[in-house]
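Contents: one structure, followed by commentary.
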Number of protein chains: 4
Amino acid sequence: MTRTGRPRSQQADEAILEATRQALVDLGWGGLTMSDVAARAGVAKTTLYRRWANKNELVVDAVAALFDELRLPDRGSLRADIEGVVLQFGRLLERPETKTALMAVVAESTGDEALRCRIREAIVDRQKHLVIAGRRHAQDRGELPPDDGADPTAEIDLIFDVIAGAVVHRVLVSGESVDGAWAAALAALILGGLAGTVA
Amino acid sequence: MTRTGRPRSQQADEAILEATRQALVDLGWGGLTMSDVAARAGVAKTTLYRRWANKNELVVDAVAALFDELRLPDRGSLRADIEGVVLQFGRLLERPETKTALMAVVAESTGDEALRCRIREAIVDRQKHLVIAGRRHAQDRGELPPDDGADPTAEIDLIFDVIAGAVVHRVLVSGESVDGAWAAALAALILGGLAGTVA
Amino acid sequence: MTRTGRPRSQQADEAILEATRQALVDLGWGGLTMSDVAARAGVAKTTLYRRWANKNELVVDAVAALFDELRLPDRGSLRADIEGVVLQFGRLLERPETKTALMAVVAESTGDEALRCRIREAIVDRQKHLVIAGRRHAQDRGELPPDDGADPTAEIDLIFDVIAGAVVHRVLVSGESVDGAWAAALAALILGGLAGTVA
Amino acid sequence: MTRTGRPRSQQADEAILEATRQALVDLGWGGLTMSDVAARAGVAKTTLYRRWANKNELVVDAVAALFDELRLPDRGSLRADIEGVVLQFGRLLERPETKTALMAVVAESTGDEALRCRIREAIVDRQKHLVIAGRRHAQDRGELPPDDGADPTAEIDLIFDVIAGAVVHRVLVSGESVDGAWAAALAALILGGLAGTVA
DNA sequence: CTGTAACCGAGACGGTACGTCATGTCTTAGG
DNA sequence: CCTAAGACATGACGTACCGTCTCGGTTACAG
């Protein structure tokens, strides 16, 4: 089977995603329209719909790219690692394109299993990996006990929900920023909690 | 200035809010339309717009009523109080009308200060009150030290963001349910954290 | 059954039909779009579609109004009556809005029985009435024999197809104008033909 | 200058024209699309556009081929010749591909001089030739006087507009078929008219 | 007990975005 | 140079919802 016909323009893809992010900043989720994105990207609506079936999927992909920048360098201690990831995630969520888009697509994903999967793959799993990496670093340093054979999934999920949930809630619901003091307080709470549950 | 003219129908209000919740269950946030709500409530669109300026405000009020049922009975220990409120909040969020609506209005509130205020008054403050009450109960029992004169706001906000954020994240983003075991684990983490920060 | 709701704007109807005729002059049949008509009429597309289901029906109604002006005053002789109606019909067809629209809707009416009916009622029957009236005038004057009891429908239809067809063909297909000389020649041919068939 | 490169496929031309006629039958003028014609002909759109600039020209050529079959055999009398050509033309117009296409391209030719020329060359002149031939036959037989030096163009055009117009109008506008009786009646009218104008 | 003012239903209104479709051009790989 | 395949920019399509408005008609309080 030979590939035939004109190939899709790769540069159109990136132009569309960038236009989507810019439109989110300017107009918010509710004001974002496919026509506007197409116009900003210098692309026809058809081209846009050929790649993404609807607004939700487009925005997920556009926003997902922002999560690529999340990293977990070894900062020398579990406390520093937690503070680092909290600050990083906080700064990411405070960007207007993330702020306006993330909750909206999560809301739309209720009752749309395909969208939920796309979000999980593109965004959630990428963050959860940070928790797993941080845990491994701490075990290597001896700050946390090594795996005892029990499944650590539940604990990882809990820590993930606490960290990500707290940051999301503070930024989007409470509407306050994530600064060093708050990050330190959250890290202290979690460290205490880990010590308490371990003991 | 005397109020004259035909008074507004009080039963229309409740019919509209109930119709809104039902429509959210059936159609989700994206599929909900004002016309549909009006039709379900047996009411003209005019009547609807006379009371709520737009979809967001209507949904906030419709959903806010659900949060009235949150209570913090004294369960005898801080641990039990936390587990109780986590389970209560989890069950509330797992209802389809809450699930689909809450994140959506939060998303819309980005860049809409009036909407953000309405959400804060109608929803957020109502939940935060639970944290404050639980803290006072624990102090009365001697589980937590009494106020030392320092402003406890920061600590209350942190605990609130952690509890509410973790529950929201688990239910809406991770897509898993809040059961007794998870509630116990979260309560344990927070209790350990409080002990650690206090010590 | 009581009439309820806001009544339709009668002035919108006429604005739309006039805008349609003007758009036909400017753009021709192929270039005419519903959006453009709506914009010219200062009316929303919805308003337009509420009244006419598609381009064809709209144009039929817009053009039909032009045929209202066709009259058959008694000019004193059958020859003069024929010449008069030929000239009138020729002038009507030479107007750009008629020229471009008439054949197009006739073409579309192939395979659309509803459209064919609409055309017949709104346009064709209105013209055929002129032939019937002219025949009666001529009988009153003694130029044609009175009805002998036989059905005159076939003869009327033939004369109608010859006159209307010849004018349409000359103007639209041959692309030449209908002037006095041509009208006289056509009238002479028909008068001769009538005499021949009668004799 | 030598012709180089791959030569055009001659069989593609006929496949396209035949596909066009078939598509006209199935979909009518309004429903006919270039993509569909290309698909039916098993040909790429590029190939189609390389030969015909647009839909109108393609359809003119596709339909014009049908007019090639018009003939005027000498049937022995002017009356028989007229009846013959009327019946022939009627049968041609009653074919669905002709019916739906002819008026449509005529309508489009309003305001498109190039298209008008193409129609005249491909279709109109081919028919008018029949009138000229019939006239010459009749003169040869002595049924009509020989040319007296005056320009017969006006008379030929009139007869042509009357015959072609009447047939077109009966079939397409009145929506009735051209049968022997009607053809005879039309022939009688024209013969009477010729006699009357000559006398 | 009659105004009158604000309410009510219904539904038409001007807008705007939707997602699809057809047009005519272009860019590939291959004949 | 032609061909098939198919992506491209453009722009109209007909639908749906928005939030406003205009109707005729309905309360309930005021004079």
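The shown structure was predicted, so the numbers you read here are calculated from the model rather than taken from an experiment. We use all heavy atoms of the structure for the numbers below, so side chains are in, but hydrogens, waters and symmetry mates are not. Chain naming here is simple, since letters A, B, ... match the order of the sequence lines and numbering starts at 1 in each.
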## Note on the structure
Among the nucleotides F:dC2, E:dA12, E:dG9, whichever has the atom closest to the side chain of B:T47 is E:dG9
### Nearest listed nucleotide, side chain of A:R8, among F:dC8, F:dG19, E:dG24
F:dC8
Has [X] got a side-chain atom pairing as donor or acceptor with [Y]'s backbone, closer than 3.5 angstrom?
X	Y	value
B:N56	B:V59	no
D:T110	D:A107	yes
C:R21	C:V63	no

### Message
Would B:K55 and B:W29 count as a cation-pi pair here, with the cationic atom under 6.0 angstrom from the ring centre and within 45° of the axis?
### Response
yes
### Task
Go through the steps for B:D112 and B:R116 under the test side-chain contact (heavy atoms from CB on, under 4.5 Å), then give the verdict.
CA-CA 6 Å; B:D112 180 342; B:R116 178 187 292 278; over 6 Å; no
Which pairs, protein N/O on one side and nucleotides 26-28 of chain E N/O on the other, fall under 3.5 Å?
| unit_1 | atom_1 | unit_2 | atom_2 | d |
| --- | --- | --- | --- | --- |
| E:dC26 | O2 | A:R6 | NH1 | 3.2 |

### Message
Reading DNA chain F from 5' onward, which residue's closest nucleotide shows up sooner: A:G42 or D:G42?
### Response
D:G42
#### Entry: Angle of first-five versus last-five pair axes in the helix from E:dC1-F:dG31 to E:dG31-F:dC1, to 10 degrees
20°
### Task
Map D:T33 and B:A41 onto DNA chain E by nearest heavy atom, then report which one ends up closer to the 5' terminus.
B:A41
### Summary
Whichever of D:G31 and C:A44 has the more 5' nearest nucleotide on DNA chain E, that residue is C:A44
### Query
For D:R50 and E:dG24, is the shortest distance between a side-chain N/O and OP1 or OP2 below 4.0 Å?
no
Please report, rounded to the nearest Å, how far the [atom2] atom of [N] is from the [atom1] atom of [X].
X	N	atom1	atom2	result
C:D36	F:dC13	CG	C1'	14 Å
C:L27	F:dA12	CG	P	10 Å
A:Y49	F:dG11	OH	P	18 Å
B:L48	E:dG11	CG	P	17 Å
A:Q11	F:dA9	CD	P	10 Å

To the nearest 0.5 angstrom, please state how far the [atom1] atom of [X] sits from the [atom2] atom of [Y].
X	Y	atom1	atom2	answer
B:S35	B:R40	OG	CZ	12.0 Å
D:T20	D:L58	OG1	CG	3.5 Å
C:L172	C:L102	CG	CG	7.0 Å
D:D26	D:D36	CG	CG	8.0 Å
C:I16	C:T47	CD1	OG1	6.5 Å
B:K99	B:R95	NZ	CZ	12.5 Å

### Task
Take B:D61 and B:R118 through the test side-chain contact (heavy atoms from CB on, under 4.5 Å) and record every step on the way to the result.
CA-CA 9 Å; B:D61 281 10; B:R118 194 162 194 138; 2.9 Å; yes
### Task
Confirm from the modelled atom types if B:K45 and E:dG9 form a donor-acceptor pair under 3.5 Å, side chain to base only.
no
### Message
Under 4.0 Å, heavy atom to any atom of DNA chain F: which of residues 51-62 of chain A qualify?
### Response
A:R51
